[in-house]
Engineer: 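Handing you this structure, nothing more for now.
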Amino acid sequence: MNNNNAPIGVIDSGLGGLSVLQHLISDIPNESYIYFSDNAYCPYGKKSFAEIQSRVFDIVRFLIDKYNVKLVVVACNTATAAAIDELRANFPIPFVGMEPAIKPAALKTKTGVIGVLATEGTFNGRLFKNTYEKYATEATMIVTAGNNLVEYIEAGIVDGTDIENLLKNYIDPMVTNNADLLVLGCTHFPFLSDTIKTLYPKLNLIDPAPAISKQTLNILKINDIESASTSGNRLFFTSGDPILFNQFLKFHLSISEECQRVDI
Ligand code: DGL
């Protein structure tokens, strides 16, 4: 059956994947998107891979059974680390996962030192370990778990003293050791970009989201499942608090559609 006009699923533990969705919408606007925000189970960062896999499988089943999604973008580095191989092995649709953007950073650094801020789960994944080993000779990497940042962003807080203090704890040692680039290895962190830039005006931030939307377009083409329609629409689901989600969506993405709460 031709499912070219079916929507694309975009999933994350919470609000972070919206930083990827905004690139998808602007780069591939004729596709329809269904965003699933697993706020009730956020953060994923310190959960076991088995627990994350089970959540992500339930969400993907929901998206396929109810909305016939033709592709899923796992807009979460931690969920990608925990489940991307298993998703590809168990579902009949293509998946796009997050790539730790170490390669572009390692090739671009002028000082030879890069910082990587992500979750513990992401650092424990095979993908991160392989990429890290591959580029370890190109650049010195200072790798730090950005603990507690996700919780603030989930509460809609992206600036202020608490966030600044956390960021200073994580990023000061990178900058002191001469890092000129910071890889945002968690999809929540692009929402902190303005705060990071104010604290560290000389630090270049690497957000993998534009590369992910490019890769999504490639996968649509390779599988011959590009939408034939000229405009797309969007649907939003949360397993958590819809009010917080809607506020964030309106404030950070200027999207006024409202999400629906589902119990999965
Ligand atoms: N947005 C996430 C990521 O990219 C997940 C953060 C979390 O839930 O801990 O890793």
Side-chain angles (χ1 to χ4, degrees), residues 9-24 35-60 72-85 87 95-102 105 115-129 131-132 143-158 163 166-167 170 182-193 196 205-213 215-216 236-241 244-245 248-249 252-253 264:
V10 182
I11 66 174
D12 181 39
S13 64
L15 305 167
L18 293 172
S19 68
V20 178
L21 181 71
Q22 62 187 358
H23 284 278
L24 288 166
Y35 186 85
F36 194 103
S37 187
D38 198 13
N39 303 84
Y41 289 80
C42 189
Y44 282 178
K46 285 187 172 171
K47 290 195 165 59
S48 72
F49 278 8
E51 209 175 336
I52 299 169
Q53 269 172 32
S54 143
R55 280 309 296 161
V56 169
F57 267 52
D58 287 350
I59 293 166
V60 168
V72 169
V73 178
V74 183
C76 175
N77 293 265
T78 316
T80 301
I84 198 76
D85 293 342
L87 287 167
F95 287 87
V96 176
M98 297 303 297
E99 287 282 333
I102 289 177
V116 185
L117 199 59
T119 67
E120 274 173 33
T122 296
F123 293 138
N124 291 332
R126 178 188 52 80
L127 202 61
F128 179 81
K129 285 185 182 147
T131 320
Y132 179 91
V143 167
T144 304
N147 292 331
N148 298 326
L149 291 172
V150 167
E151 286 86 336
Y152 276 101
I153 298 162
E154 285 291 308
I157 301 165
V158 297
I163 284 272
L166 281 175
L167 288 171
Y170 303 142
L182 175 66
V183 174
L184 302 174
C186 168
T187 53
H188 280 73
F189 297 165
F191 293 112
L192 301 177
S193 293
I196 299 174
L205 306 184
I206 311 271
D207 175 4
I212 298 305
S213 74
Q215 173 67 352
T216 303
F236 297 90
F237 290 100
T238 175
S239 59
D241 180 353
L244 269 182
F245 184 93
F248 196 92
L249 195 58
H252 290 282
L253 280 85
I264 293 187

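Start at 1 and go down the list; that is how both ligands and their atoms are numbered. One-based numbering along the sequence shown.
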Engineer: Note the single closest protein heavy atom to atom 9 (O) of ligand 1, along with its residue, its atom name and the distance in Å.
Structural biologist: G45 N, 2.7 Å
Engineer: For ligand 1, which atoms have a heavy atom of S13 less than 4.0 angstrom away?
Structural biologist: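 Listed by number with element: 5 (C), 6 (C), 7 (C), 8 (O).
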Engineer: Is the F191-F248 ring centre distance short of 6.0 angstrom?
Structural biologist: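 Yes.
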Engineer: Do K47 side-chain atoms and Y41 backbone N/O form a donor-acceptor pair below 3.5 Å?
Structural biologist: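 Answer holds: yes.
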Engineer: If we ignore hydrogens and angles and just use 3.5 Å, is the side chain of D38 paired with the main-chain N or O of S13 as donor and acceptor?
Structural biologist: no
Engineer: Which of the atoms of ligand 1 are close to T78, meaning less than 4.0 Å from one of its heavy atoms?
Structural biologist: 3 (C), 5 (C), 10 (O)
Engineer: Give the ring-plane orientation class for F128 versus F123, where under 30° counts as parallel, over 60° as perpendicular and anything between as tilted.
Structural biologist: perpendicular
Engineer: List the atom of I153, the atom of H188, and the distance in Å for their closest heavy-atom pair.
Structural biologist: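 Looking at all heavy atoms of both residues, the shortest contact is CD1-O, 3.5 Å.
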Engineer: With atoms numbered from 1 as shown, which atoms in ligand 1 lie under 4.0 angstrom from a non-hydrogen atom of N77?
Structural biologist: 3 (C), 4 (O), 10 (O)
Engineer: Can a non-hydrogen atom of C76 be found less than 4.0 Å from any atom of ligand 1?
Structural biologist: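 C76: in contact with ligand 1 (<4.0 Å).
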Engineer: Among all protein heavy atoms, pick the one closest to atom 7 (C) of ligand 1 and tell me residue, atom and distance.
Structural biologist: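 Nearest protein contact, heavy atoms only, for atom 7 (C) of ligand 1 is Y44 N, 3.3 Å.
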Engineer: Where does T119 meet ligand 1, judged by heavy-atom distances below 4.0 Å: at the side chain, the backbone, both, or neither?
Structural biologist: side chain
Engineer: Quick check for you: to the nearest 0.5 Å, what is the distance between N147 atom CG and E120 atom CD?
Structural biologist: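 Output value for this atom pair is 5.0 Å.
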Engineer: For ligand 1, which atoms sit closer than 4.0 Å to a heavy atom of P43?
Structural biologist: 7 (C), 8 (O), 9 (O)
